[in-house]
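One is the number of the first residue; the rest follow in order along the sequence. Whatever order the structure lists ligands and atoms in, that order sets their numbers, starting from 1.
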Amino acid sequence: MSADPHRPTYHFLPPANWMNDPNGLIQWGDTYHLFYQYNPDGPFHARIHWGHATSLDLVHWQHEPIALAPTPDGPDGDGCWSGCAVDNNGTPTLVYTAYRDGAQTTCLATSQDGLRSWQKYPANPVIAMPPAGLDLLGFRDHSVWRENGLWQMLIGSGLRGQGGTALLYRSPDLRDWQYTGSLLIGDLEQTEPVWTGTMWECPDFFALAGRHVMIAAAWDGLPLYSFALVGSYEHERFVPDTSHKLDHGDVYFYAPQSFTTRQGRRIMFGWISEGRSAAEQHAAGWAGVMSLPRELVLNEQGQVAMRPVEELALLRAAHIQRREQTVPADGRLQLPELRGDALELLVELQPGAHGGCGLVLRCAPDGSEETLITYWPEIGQLVVDRSHSSLDSEVVTSAHSAPLTLKPGEPLQLRVFLDRSVLEIFANDRAAITTRIYPSRPDSHHVALLAHKNAARLIALDAWQLKSIW
Ligand code: DQQ
């Protein structure tokens with residue numbers, strides 16, 4: 001598979017087959033643990049296991065034995081779905097969704113050998129049924145934390161006809177759970193600033209910079225996108241005052257989960273799904289990639305911003321830089337010294353008075369393939385145009401756009417990670433777009449800057465070839 005031109009080299013993914021959500025993120029001692037939804041039997045979603053990997057720096061990963069597999073007669077006979085990990089007084093404990101015959105229940109597993117092998121709790125499931133009397137869509141995915149000497153847990157769900165919800169439970173011991181109500185109920189009628197879907201998958205709830213944040217994956221019969229709510233939390237109720245999409249790549253940054261490091265940083269991973277046909281995924285033998293780790297902060301707008309962690313600098317190899325150049329009006333500034341498909345770019349561009357400016361990646365020499373990242377001041381959007389990303393007609397080519405309005409005099413600041421078919425874009429601490437592109441030509445490796453209507457000024461460009469993590 002290392003010869004596969006679309007397979008990322010510095011993003012985590014399993015040795016083969018299917019991966020989706022990050023699960024059970026935890027730092028234990030010095031070691032970071034990443035579990036993930038995994039099908040060891042093929043590059044498609046079925047009979048989900050928990051894969052497992054460890055790292056000392058969040059960047060380089062080592063594969064570990066499968067942590068959880070379905071028990072044929074158990075409540076997880078059809079799959080071990082998403083959940084989290086907690087430190088229960090020194091005992092590492094996984095709280096996960098067991099799936100069988102359409103039923104979703106809550107199960108536990110613990111480890112006695114330092115998170116290597118896992119034993120399921122004999123009396124699983126610990127929650128066998130959703131609360132009575134509610135007309136629910138789904139009952140899965142767990143966020144567990146300690147509060148006033150008790151465990152609190154959220155389970156993702158939706159109230160039919162009302163909106164997505166996160167059901168709140170309380171327990172003294174992770175085994176006996178009492179339902180205490182909805183932490184919050186979404187409103188199906190409310191579409192601005194973000195519609196939160198009919199059901200919430202993978203709710204994640206935590207304190208950040210003196211506020212509280214809930215992140216969840218909006219679902220409406222199928223995955224839509226992840227959103228963030230920021231607000232205050234008191235007496236087991238959460239009152240958000242800010243809501244927004246987390247990543248405007250939508251389904252390409254789905255079901256994210258975060259955890260707090262020993263230093264107190266809040267780090268998030270998300271599932272980067274595929275944008276090509278099932279037949280192509282089958283032929284490739286793998287599907288699904290983990291995002292780069294992103295540190296969460298609250299930005300000037302009071303929204304949740306994601307910053308790729310500083311440890312990623314470990315990957316930097318050959319460096320090029322440019323300072324103070326002009327990107328010609330309706331033209332391009334070519335960067336012949338920078339070619340590749342595993343790059344990090346830091347670009348600071350001052351747009352002209354009118355027209356867009358940005359970056360072109362993975363260009364073929366004759367322009368038959370290219371991916372454009374353009375800031376359009378007139379419409380206040382950062383747009384990723386994939387319409388010419390690939391000559392392969394089987395891949396998804398729709399555009400992405402994120403709201404972005406630069407303040408007077410504020411330059412466009414792009415931080416871009418390109419890893420073969422994966423593109424992660426961060427702009428000005430307030431816009432993120434993650435997506436997939438599948439250029440078909442081996443020479444689609446060129447990079448340029450572009451400007452429309454008026455010339456733009458390149459203030460600074462720093463770019464690195466990035467090393468493989470394996
Ligand atoms: N993926 C898991 C579910 C979760 C969904 C199943 C989100 O637990 O709701 O693989 O992608």
Side-chain angles (χ1 to χ4, degrees), residues 13-14 17-25 34-52 66-70 75-85 94-109 124-127 130 136-144 153-158 164-167 186 196-205 214-227 246-247 249-258 268-275 281 286-291 434 436:
L13 74 181
N17 297 316
W18 172 271
M19 187 200 77
N20 57 301
D21 318 347
N23 291 149
L25 300 174
L34 166 64
F35 300 86
Y36 55 90
Q37 295 280 282
Y38 178 45
N39 177 11
D41 299 320
F44 48 87
H45 188 274
R47 279 195 81 243
I48 292 295
H49 296 51
W50 275 39
H52 183 197
I66 285 177
L68 295 176
D76 58 11
D78 293 332
C80 302
W81 282 12
S82 285
C84 60
L94 307 179
V95 184
Y96 69 99
T97 303
Y99 182 65
R100 178 164 174 193
D101 298 332
Q104 296 161 10
T105 59
T106 303
C107 285
L108 304 179
N124 274 340
V126 291
I127 304 180
L136 296 180
L137 289 161
F139 186 59
R140 58 180 179 272
D141 312 335
H142 310 273
S143 175
V144 178
M153 169 164 70
L154 290 182
I155 300 183
S157 189
T165 191
L167 305 171
T196 62
T198 49
M199 190 251 153
W200 295 348
E201 296 189 305
C202 303
D204 187 19
F205 187 61
M214 196 198 78
I215 286 169
W219 182 93
D220 183 32
L222 74 187
L224 299 178
Y225 41 75
S226 310
F227 64 91
L246 194 56
D247 187 306
D250 294 352
V251 82
Y252 297 107
F253 186 77
Y254 197 72
Q257 188 178 99
S258 65
M268 169 169 272
F269 289 85
W271 163 39
I272 303 181
S273 53
E274 296 295 325
Q281 295 175 41
W286 61 277
V289 180
M290 199 56 76
S291 75
T434 303
R436 302 299 296 274

Which ligand 1 atoms does Asp141 reach within 4.0 Å, using its non-hydrogen atoms? 3 (C), 4 (C), 8 (O), 9 (O)
So is there a nitrogen or oxygen of His45 less than 3.5 Å from a nitrogen or oxygen in ligand 1? yes
Looking only at heavy atoms, which two atoms of Ala166 and Pro203 are closest? And how far apart? CB-CB, 4.3 Å
Check whether any side-chain heavy atom of Phe227 sits under 4.5 Å from a side-chain heavy atom of Trp200, and report yes or no. yes
Ligand 1 and Arg140, any nitrogen or oxygen pair closer than 3.5 angstrom? yes
Closest non-hydrogen atom pair between Cys202 and Asp141, with its separation: N-OD2, 2.8 Å
Determine whether the side chain, the backbone, both or neither of Trp219 has a heavy atom under 4.0 Å from any heavy atom of ligand 1. neither
Would Asn23 and Gln37 count as having a side-chain donor-acceptor pair, cut-off 3.5 Å? yes
Looking only at protein heavy atoms, which one is nearest to atom 11 (O) of ligand 1, and how far off is it? Asp21 OD1, 2.8 Å
What atoms of ligand 1 come within less than 4.0 Å of a heavy atom belonging to Tyr254? 7 (C), 11 (O)
Where ligand 1 meets Ser82 - atom numbers and elements under 4.0 angstrom, heavy-atom basis: 2 (C), 8 (O)
Please step through side chain to side chain contact (heavy atoms under 4.5 Å, CB included) for the pair Asn20 and Tyr254, ending with a clear verdict. CA-CA 9 Å; Asn20 57 301; Tyr254 197 72; over 6 Å; no
Ring-plane angle category for His52 and Phe35, please: parallel below 30°, perpendicular beyond 60°, tilted otherwise. parallel
When you look for heavy atoms under 4.0 Å from ligand 1, do you find them on the side chain of Thr97, its backbone, both, or neither? neither
Backbone or side chain, does any N or O of Asn20 fall under 3.5 Å from an N or O of ligand 1? yes
